[in-house]
Amino acid sequence: MQDFLTERYDPDLIEKAFQSDWEARGAYRATEDPNREKFYCLCMFPYPSGRLHMGHVRNYTIGDVIARFQRMNGKNVMQPMGWDAFGLPAENAAIENGVHPAKWTDQNIAYMRSQLERLGFGYDWQRELATCKTEYYRWEQWFFLRLYEKGLVYRSTATVNWDPVDETVLANEQVIDGRGWRSGALVERKEIPQWFLKITAYAEELLNELDNLEDWPDAVKTMQRNWIGRSEGLELKFALIGLDDSLEVFTTRPDTLYGVSFMAVAPEHPLALSVAAADDTVAEFLNECKLQSTTEAALEKMEKKGIPLGVNARHPLTDEPIPVYVANFVLMSYGTGAVMAVPAHDQRDWDFAKKYDLPIRPVISCGNGEIPDISKRAYVEKGNLVQSDVHSGLDFEDACESIIQLMESNGTGVRRVQYRLRDWLVSRQRYWGCPIPVMYSEDGTEIPVSDDMLPVALPDDGQGTPLSNIKEFVEAVLPDGTVGRRETDTFDTFFESSWYFSRFCSPDQANMMLDDRVNYWMPVDIYIGGVEHAVLHLLYARFFHKTMRDAGLVSSDEPFKKLLTQGMVCKETYYREMGNSRRKYFSPEEVEIKTDSKGVALSGVLKADGREVDIGPIEKMSKSKNNGVDPQALIEKYGADTVRLYTMFAAPPEQTLEWSDTAVEGSFRFLKSLWRMVFEHAKSTNQNKRTYKKDELDPVLGELRRHIHRTIVKVTDDIGRRYKFNTAIAAVMELVNHLSSVNADDNDTLAIKQEGFETVCKLIAPVVPHIAAAIWRNLGSQEDLLLVGWPEADQKALVTSEINIVVQVNGRKRAIISVPVDATKEVYESMALEDGNVKRFTKDQTIRRMIVVPSKLVNIVVSD
RNA sequence: GCCUGGGUGGCGGAAUUGGUAGACGCAACGGACUUAAAAUCCGUCGGCUUAACGGCCGUGCCGGUUCGAUUCCGGCCCUAGGCACCA
């Protein structure tokens, strides 16, 4: 390996030299070793979209910093990388460019792998996997069959977005303003049979075990709790007058039962469908509902509408007739698909009742026992019951208890725990996914594919068309020799991403899904990825892991010990209005920004035509907003270390990072000047190691050495405990500034500076491994920086005799004084009172109190 | 609409357990070097005020708790992410 003793910092040369050295040595290969403490460091694997984006760079740099830090601290580190390779974009590319999804995906993987290598990430590439390969997905087909055997899989109907022109199912993102993105046709809701996984069977455990995930962010745990949405209440039947049937509803407010003034069912509810069969007005309303979006957000935001079904239910306590409506805001997929409405005590019911002039009957009193004012809005607080027959006067708890018991005793109701969480719909009507291993006989009977027929491989000739169009795939010979048809749905890609972290432990295992090695590495010690995955991916992965545990494949209860949710990478958007509320977005490279003297962006001009563009809000870098900054260009201009340093320095990992091109320059400048300083230093020491006597340093060098060791403490804590890489880097910069300000060339100074630079090397090695390794050599060390341990602070160097404390008068800072470290409370007080500026503010005043916080401050409370 | 975050100088951010608001960096401005530019180096840098020491105001807005609040509590505004077929 060459030396790098040049004055000029040449990142390209250095980085490529070390990267090929690491590769040749297999420096990041991980092997199981029961005698060493393992550390499994994992970043969410990427979708191979074509090129890395800044979100990837940020994500993987965070992971690499942590992995390198843990390695230097003696852990047996495993950091793998793979590809979440099934998904929609590959199908779109196939349709648009005529290239097969597999080929498109493989090309993307090859290019993106080269980008990751160029960034110097310490991955064990021998463990690389891609979910679109049969070696991977055959095992999830195998495991699906185990779940099928256990009854955790079932088939049922569910709503999809249906494009009536293209006759195809659309993803939510393919529906734009209610129309299909290619055909432009109005999209309809359609019910089709699909496969589900019974995640609700694990709802209780998924909820309870959140309490044990100490190293997960509270925000994520709260989101998952709310998503699971456990609630206790009453499920009860309202008999339908004149029909031999009843309507089941669930309520968390049984105490408001006497206030029910109407009922509402979802448009897909059997009752609504049967009425519609004979009633054109209702049928028309249901058709209208069919044009509504299938997303919950859209359903909640739209105008609440309903129509009476001409059917009445009987109130189970008062026997009164209650009108039944069909309403567009009731979700068939939540609860029973029907609700009882209490307009006096629920705002949405109140709005609906006002609109359709339905009775609003208060049954809950305010604090003082009075009937609340419900003329302007619903009264949603809890309180004592009124106008509720024998239950009047009871409080919330007693009323619920008493009403539930009454309903249970007469057989119209039952106490129930309800979850908001719905079963996981795993079917997708797509080509580029893992085929669901089921066949059907002529009469429609499900026949699971037998293990020895696995994998059910994707046919090669699909070009983004659904599997149902490929005759050779659909037709299959059943075990009894007759011809049946294959299931043509493929799995949701969350299926693949729910267990890849376990497969990384035994990626080469050809005979089993997982082997013993999984229990050495799992659980993942730290899992790093975007906050946008806080609920779906992370909940599915937890669920899947538990089903694997119950199948005896893994021994841990939870897959991820610590979770670090990384913030988005954002950037300004540039666009022009194109009419009918459509916008055309321009990429940052296409736009020139004019700023005022303070650097605030005033206007943007499109380079191509010189005309102005609108500057939009700062948003997550995305294809649709065309506001991505290409990391490749930055790597080529500044090198990987600068890109890594900037992304770690600009913001703490959890926070959104607003991209700034100019600030990158600052990170490059820091590395350049560090390089030059070490070069100058190496020249003046002539590569001779110097020693010094710790006890005989002059005060300036003593302070410098204290700073070196204080920085070790700070950086160790910032990276190892706080995961605040930005402040760790700031602390190193401060130390470097200090080192550069000491310019003598006597023996002691050079020796302390040597100690300082060596420390800087080790402290920044996780962030900028290439330059750190090169500088390390320039400092004259023959050891390999990868094998050098993390520095330890010399406690003796940290000792100081005096400390600065703040003196406040009535909570306002008036002075900073220096006190001996071992000063008593009395010394603090008398020294504080002696200060000149403090005296100005205490003169002619009476001292009421003195608050002393040792080694921090003294607050003198005075008054006239 | 619901759930979860965030709001601090011109900008990114710091202040770790309620104890010095603005570390570190970017931009800007002034100066040195240079034929010139770039690069580099030195200095200034929240607002108002003061000859200076210093003082007053200031962490989205309104209110509260406290000797002391960017930090805790209540209400409001703005903003980002998620909302089950983007991954």
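Because only heavy atoms are used, hydrogens play no part in the values below, and waters and symmetry mates are left out as well, while side chains stay in. First the proteins, then the strands, lettered A, B, ... as listed; each starts at 1.
- Within 4.0 Å of A:Ala730, counting heavy atoms only, lies at least one base atom of the nucleic acid.
- Atom pair A:Leu645:CG and B:rC24:C1' shows a separation of 11 Å (rounding to whole Å applied).
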Evaluation steps, salt bridge (charged side-chain N to carboxylate O under 4.0 Å, His left out), between A:Arg710 and A:Glu734: CA-CA 11 Å; A:Arg710 211 169 54 221; A:Glu734 281 180 83; over 6 Å; no

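- Between B:rU16 and A:Arg722, no contact under 4.0 Å exists linking OP1 or OP2 to a side-chain N or O.
- Residue contacts for A:Pro46: at a heavy-atom cut-off of 4.0 Å it reaches no nucleic acid atom on any strand shown.
- When the C1' atom is used for both B:rC42 and B:rG5, the distance is 43 Å, rounded to whole Å.
- If you check every strand for non-hydrogen atoms under 4.0 Å, A:Val160 touches a base.
- The residue among A:Arg676 and A:Arg428 whose nearest nucleotide of RNA chain B is located toward the 5' end is A:Arg676.
- Protein atom CG of A:Leu857 is 13 Å distant from nucleotide atom P of B:rG68, rounded to whole Å.
- The nearest whole Å value for the distance from the CD atom in A:Glu658 to the P atom in B:rG10 is 15 Å.
- In a base pair of the Watson-Crick type (N1 to N3 plus N6-O4 or O6-N4) or a G-U wobble (N1-O2 and O6-N3), with each distance short of 3.5 Å, B:rA15 is matched with no nucleotide.
- Here the C1' atom of nucleotide B:rA80 and the CD atom of A:Glu654 are 16 Å apart, to the nearest Å.
- Using atom P as the reference point in both B:rG30 and B:rA37, the two lie 13 Å apart (nearest Å).
- Between A:Trp216 and A:Tyr527, the gap from one ring centroid to the other reaches at least 6.0 Å.
- Salt bridge status for A:Arg420 with A:Glu296: present, with a side-chain N to carboxylate O gap under 4.0 Å.
- Distance, A:Asn810 CG to B:rA69 P: 11 Å, rounded to whole Å.
- When heavy atoms are screened at a 4.0 angstrom cut-off, A:Gln224 is found touching no nucleic acid atom at all.
- Nucleotides B:rG46 and B:rU8, compared at atom C1', are 11 Å apart to the nearest Å.
- A salt bridge is absent between A:Arg669 and A:Glu665; no separation between the charged side-chain nitrogens and carboxylate oxygens falls under 4.0 Å.
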